[in-house]
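Worksheet for the structure shown next.
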Amino acid sequence: MTYGGDDRGRRMPPPQRPPSGRPRRHQPAQMMPLPGRGSSPYDERTRPMGHGGQERPAGPPPRRPGPPQPPPGRPMDDARPPRRRKRWGFGKVLLTLLTVFVVFLAGVWVYLEFSINRVDALADYSGRPVAAEGTNWLIVGSDSRDGLTPEEQEKLVTGDSKAAGGGKRTDTIMIAHIPSNSVKPTLLSLPRDSQVTIPGHGKNKINSAFSIGGPTLLAQTVEGATGLRIDHYAEIGFGGFAKIVDAIGGVHMCVDKPMEDTLTKIKIPAGCQDLQGPQALGFVRMRHSEATPRSDLDRVANQRKFIGAMVSEIGSPGTLLNPFSLFPLLSTAPDALTMDSGDHVHNLVGLALAMRGISSGGVVTTTVPVTSGSAENWDKTKSKLLFDALKNDTEIPDSAILT
């Protein structure tokens with residue numbers, strides 16, 4: 001059978017019959033293209049039909065993009081982009097240094113807090129003065145030779161404790177008053193030979209209260225004699241004082257006249273110099289010398305002068321930033337210093353900050369007014385003006401200041 005059109009002599013294939021036993025499935029009729037208007041469906045019988053009558057594009061399917069391929073001759077690992085090294089900026093370095101400093105400071109704080117010697121120096125009793133304005137420290141320099149070997153005692157020229165009367169006495173008794181307003185702090189010396197009433201022991205030299213009843217009786221004696229309530233207590237002995245001075249490399253002092261003690265034979269030449277431990281101890285104890293004609297009054301004046309210079313030296317960057325000075329100081333201070341059981345390191349720091357102005361005139365330094373050069377009896381009128389000014393945080397009248 002041939003198609004009536006122009007089929008170019010081709011013969012239609014015979015229809016295929018479905019196998020017997022199966023129902024014949026009719027295929028939908030398809031429109032045959034008119035002659036000359038399109039190609040015959042038999043020309044593209046090998047082309048697959050797409051879903052829904054849409055034809056798939058010819059050629060292989062597009063390839064999905066894969067990972068970047070390395071150049072020829074280079075391993076796969078080199079194809080990955082190189083990692084950038086993290087660089088520490090200035091801010092991060094500064095923050096790290098600050099963190100290290102804070103941790104170090106906290107460690108030192110804790111070390112001192114638990115290493116400093118403690119004593120129950122301040123106790124309540126009937127008739128104790130009430131708290132007034134400001135804060136009062138009782139500062140004691142004892143002549144205790146405890147912990148010193150015979151060689152160290154000879155080096156420091158401490159003298160014989162039996163010749164001094166035995167027991168422990170105080171070469172230095174001071175009250176440091178820190179006001180709660182803008183008035184200058186005060187460092188007040190109490191001459192060691194001052195005759196005062198010692199509770200339970202009658203009238204005697206004030207320094208004997210320490211040898212009789214230790215810090216507790218001394219604090220009670222000072223409170224009764226001055227009418228000032230003592231809030232904090234600090235004590236340092238011969239050996240501890242000298243070791244602290246040596247730890248910071250000496251204390252710079254300017255001595256106006258040559259000093260030679262006729263009893264201890266300690267000599268200190270005139271001029272500006274760094275006093276080491278033995279010389280420093282001799283300087284603050286010396287009273288039998290042509291350079292100290294007022295005896296104990298000159299000695300307490302030199303003690304205040306030296307304390308001002310030592311506090312400035314300890315608080316200077318040359319000490320705090322120098323490990324060769326700072327670490328010996330930190331290792332020496334706990335054994336050299338004794339504080340009241342209720343005191344803490346921050347109290348001691350507050351005292352040091354307040355006393356920094358001694359050398360520059362930012363602290364009033366004076367002695368309890370006395371009636372004679374022996375410094376045994378206090379001037380009642382002037383001393384009352386002095387103590388009232390400290391109680392009320394007011395300026396001390398010039399008439400009550402004894403330098």
Side-chain angles (χ1 to χ4, degrees), residues 127-141 170-199 202-210 217-233 284 287 292-308 351 354-355 357-403:
R128 186 182 184 189
V130 298
E133 300 295 330
T135 302
N136 296 312
W137 278 83
L138 177 59
I139 303 174
V140 174
T170 53
D171 268 13
T172 304
I173 304 174
M174 295 181 178
I175 294 177
H177 177 76
I178 305 174
S180 54
N181 54 23
S182 59
V183 175
K184 291 182 179 180
T186 301
L187 186 60
L188 171 66
S189 297
L190 281 63
R192 54 173 283 178
D193 293 335
S194 301
Q195 293 287 329
V196 297
T197 300
I198 300 176
K203 199 164 187 177
N204 204 337
K205 294 181 179 181
I206 192 171
N207 71 332
S208 62
F210 189 80
L217 185 59
L218 176 63
Q220 186 176 350
T221 300
V222 171
E223 287 182 334
T226 62
L228 300 173
R229 185 185 183 95
I230 302 300
D231 304 294
H232 306 284
Y233 176 84
V284 299
R287 62 173 177 169
T292 55
R294 297 188 305 166
S295 187
D296 202 36
L297 294 179
D298 285 328
R299 175 166 70 171
V300 295
N302 287 336
Q303 289 173 352
R304 296 192 300 267
K305 186 186 302 184
F306 188 87
I307 288 177
L351 172 65
M355 294 295 109
I358 294 178
S359 300
S360 60
V363 176
V364 177
T365 59
T366 184
T367 306
V368 176
V370 294
T371 58
S372 64
S374 64
E376 292 184 356
N377 299 308
W378 295 353
D379 186 308
K380 294 183 179 180
T381 301
K382 295 180 179 180
S383 60
K384 185 177 185 305
L385 292 175
L386 170 65
F387 299 141
D388 286 345
L390 296 181
K391 288 179 183 178
N392 301 317
D393 270 357
T394 57
E395 294 186 3
I396 302 174
D398 293 339
S399 61
I401 295 178
L402 177 61
T403 57

Item to check | With D298 via salt bridge (Lys or Arg N to Asp or Glu O under 4.0 Å) - residues at least two apart | outcome: R294

Checklist entry - Between the side chain of K184 and the main-chain N/O of G361, is any donor-acceptor distance below 3.5 Å? => result yes

Next on the checklist: In the structure I gave you, are the side-chain heavy atoms of P185 and M355 within less than 4.5 Å of one another anywhere?
Outcome noted: yes

Checklist outcome for this item: In short, V368 meets S383 closest at the heavy-atom pair CG1-CB, 4.1 Å

Checklist outcome for this item: Those residues at least two apart in sequence (or on a different chain) that pass salt bridge (Lys or Arg N to Asp or Glu O under 4.0 Å) with R128 are D124, E223

Item to check | 4.5 Å side-chain heavy-atom contact, L390 and T226 | outcome: no

Checklist entry - How far apart are the closest heavy atoms of H177 and N136, and which atoms are they? => result ND1-OD1, 2.6 Å

Checklist entry - Between P199 and L217, which heavy-atom pair has the shortest distance, and what is it? => result O-CD1, 3.8 Å

Checklist entry - Between atom CG of L218 and atom CG of N207, what is the distance when rounded to the nearest 0.5 Å? => result 9.0 Å

Next on the checklist: Are P191 and T367 packed together at the side-chain level, in the sense that at least one heavy-atom pair is separated by less than 4.5 angstrom?
Outcome noted: yes

Checklist entry - How many angstroms lie between CG in D393 and CG in N181, if you round to the nearest 0.5 Å? => result 4.5 Å

Item to check | Closest approach of R304 to T366 (non-hydrogen atoms, all atoms of both residues) | outcome: NH1-O, 3.2 Å

Checklist entry - Looking only at heavy atoms, what is the nearest atom pair of D171 and Q303, with distance? => result O-NE2, 3.4 Å

Checklist entry - Which pair of heavy atoms, one from A176 and one from I139, lies closest together, and at what distance? => result CB-CD1, 3.9 Å

Checklist entry - Do V300 and L190 come close enough that some side-chain heavy atom pair is under 4.5 Å? => result no

Item to check | Close side-chain approach of L188 to F387, heavy-atom, < 4.5 Å | outcome: yes

Next on the checklist: With heavy-atom distances below 4.5 Å as the criterion, would you say the side chains of Q195 and K205 are in contact?
Outcome noted: yes

Pairs of donor and acceptor atoms involving the side chains of residues 394-403, under 3.5 Å and at least two apart or interchain, shall be tabulated with distances.
none

Checklist outcome for this item: Separation between OG1 (T381) and CG (L386), nearest 0.5 Å, reads 12.5 Å

Next on the checklist: Under the criterion side chain to side chain contact (heavy atoms under 4.5 Å, CB included), I'd like the reasoning laid out for L228 against K391: C-alpha separation, chi angles, the key distance, then a yes or no.
Outcome noted: CA-CA 7 Å; L228 300 173; K391 288 179 183 178; 3.5 Å; yes

Next on the checklist: As an exercise, state the distance from CG of D379 to NZ of K384, rounded to the nearest 0.5 Å.
Outcome noted: 13.0 Å

Item to check | Polar contact flag, side-chain donor to acceptor under 3.5 angstrom, D231-T135 | outcome: no

Checklist entry - Rounded to the nearest 0.5 Å, how far does CD1 of I206 lie from OG of S194? => result 6.0 Å

Next on the checklist: Applying side chain to side chain contact (heavy atoms under 4.5 Å, CB included) to T172 and V284, what does each step give before you reach the verdict?
Outcome noted: CA-CA 9 Å; T172 304; V284 299; 5.8 Å; no

Checklist entry - Are any side-chain N or O atoms of D296 and backbone N or O atoms of A375, one a donor and one an acceptor, separated by less than 3.5 Å? => result no

Item to check | Residue pair T292, L297: steps toward the side chain to side chain contact (heavy atoms under 4.5 Å, CB included) verdict | outcome: CA-CA 8 Å; T292 55; L297 294 179; over 6 Å; no

